[in-house]
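This report refers to the structure that appears directly beneath it.
Every number for a ligand or one of its atoms is a count from 1 in the order of the listing.
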Amino acid sequence: MDDRPIGVFDSGFGGLTVARALIDLLPEEQLIYVGDTGRYPYGSKPQEDVRAYSHEITQWLIDTHDVKLVVVACNTASAAALADLQATYDTPIVGVIDAGVRSLLQVSTTNHVGVIGTVGTIGSGAYQSAVAEVDDRVRLTCAACPGFVEFVERGELHSDQVRVLAQRLLSPITDAKVDALLLGCTHYPFLARTIADAVGRDVVLVSSADETAFQVRSMLLDNGGTRVGPHRAPLFLSSGDVDEFARIGAMLLGPELDDVGRWSPTTQNPAGGSDNL
Ligand code: DGL
């Protein structure tokens with residue numbers, strides 16, 4: 001049994017959907033979570049910037065906390081950097097894209113599915129390749145949803161503005177008549193009600209969080225087993241405003257997020273950008 005913690009990172013709050021699934025499935029494992037809110041959103045940034053951020057956080061998790069495994073709890077970072085990270089570090093590294101595709105194809109009965117994500121994720125073609133690799137007969141409709149991440153980061157999950165934006169951005173998905181839709185950005189499960197209202201209740205919404213947690217558990221079991229107590233509280237860190245991260249993060253994740261530390265990246269947000277096109 002390996003007593004060391006598990007590292008998890010995302011551009012901000014999105015990875016909390018994966019952290020929630022990990023805490024529920026593996027309550028004895030300690031998580032060290034980095035939310036790179038100081039440099040979010042990742043979805044509108046060049047892939048090489050997202051790759052550099054992903055390396056910086058992964059290296060820090062390994063060097064500072066000696067993590068036994070890193071979960072890239074961000075689709076944009078998984079698309080831009082997972083293969084590179086896995087080739088660089090000896091520590092096992094898990095992304096969310098393959099887990100999402102597995103979950104999506106499990107629930108579809110028509111083999112006509114959708115994926116929504118950031119501009120970076122959809123533009124990378126990572127989902128198009130991952131789905132075709134599993135089954136090239138699947139009909140896949142993809143849509144980028146710029147702006148969704150910002151609503152989640154503000155804790156604004158049900159406003160009229162986000163509903164109007166969802167209606168507009170999700171119309172290609174509605175028109176395509178998919179039977180299952182993967183929320184291919186870890187922020188999006190927080191908007192599930194708004195997304196479901198826009199695409200209709202006949203479409204099954206799928207998230208990668210649970211399947212990612214199952215994958216982590218099976219990797220730990222293959223490597224000597226999961227941790228056995230005593231309980232160690234998760235550690236949450238943010239490169240942005242830590243008080244804001246604690247306030248909105250607790251609303252999104254639950255009571256486990258009651259304290260947030262500061263994580264300082266070596267580079268600042270270059271564009272201070274927005275995920276809007
Ligand atoms: N949670 C990230 C993802 O899954 C959001 C990326 C962003 O910051 O734009 O892609």
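Considering backbone and side-chain atoms together, Tyr40 places no N or O closer than 3.5 Å to any N or O of ligand 1. Taking distance alone, with nitrogen or oxygen atoms compared against 3.5 Å, Thr118 stays at or beyond that limit from ligand 1. At least one N or O atom of Gly43 sits closer than 3.5 Å to an N or O atom of ligand 1.
Ring centroids of His55 and Tyr89 are separated by less than 6.0 Å, placing the two rings close together.
Using a 4.0 Å cut-off between heavy atoms, Asn75 contacts ligand 1 through both its backbone and its side chain. Contact annotation for Ser11 and ligand 1: only side-chain heavy atoms (C-beta onward) come within less than 4.0 Å of the ligand. Of all the heavy atoms of Thr76, the ones lying under 4.0 Å from any atom of ligand 1 are found in both the backbone and the side chain.
Tyr42 and Tyr53 have tilted rings, their planes meeting at an angle from 30° to 60° on a 0 to 90° scale.
Contact check for Phe245 versus Tyr33: side-chain heavy atoms found under the 4.5 Å cut-off. Contact check for Val138 versus Val113: side-chain heavy atoms found under the 4.5 Å cut-off. Between Leu220 and Ile6, the closest side-chain pair of non-hydrogen atoms falls below 4.5 Å.
Close contacts of ligand 1 with Asp10, meaning ligand atoms under 4.0 Å from a residue heavy atom, involve 1 (N), 2 (C).
Not a single heavy atom of Gly12 sits under 4.0 Å from any atom of ligand 1.
Put simply, the side chain of Glu29 gets close to the backbone of Arg227: a donor and an acceptor are under 3.5 Å apart.
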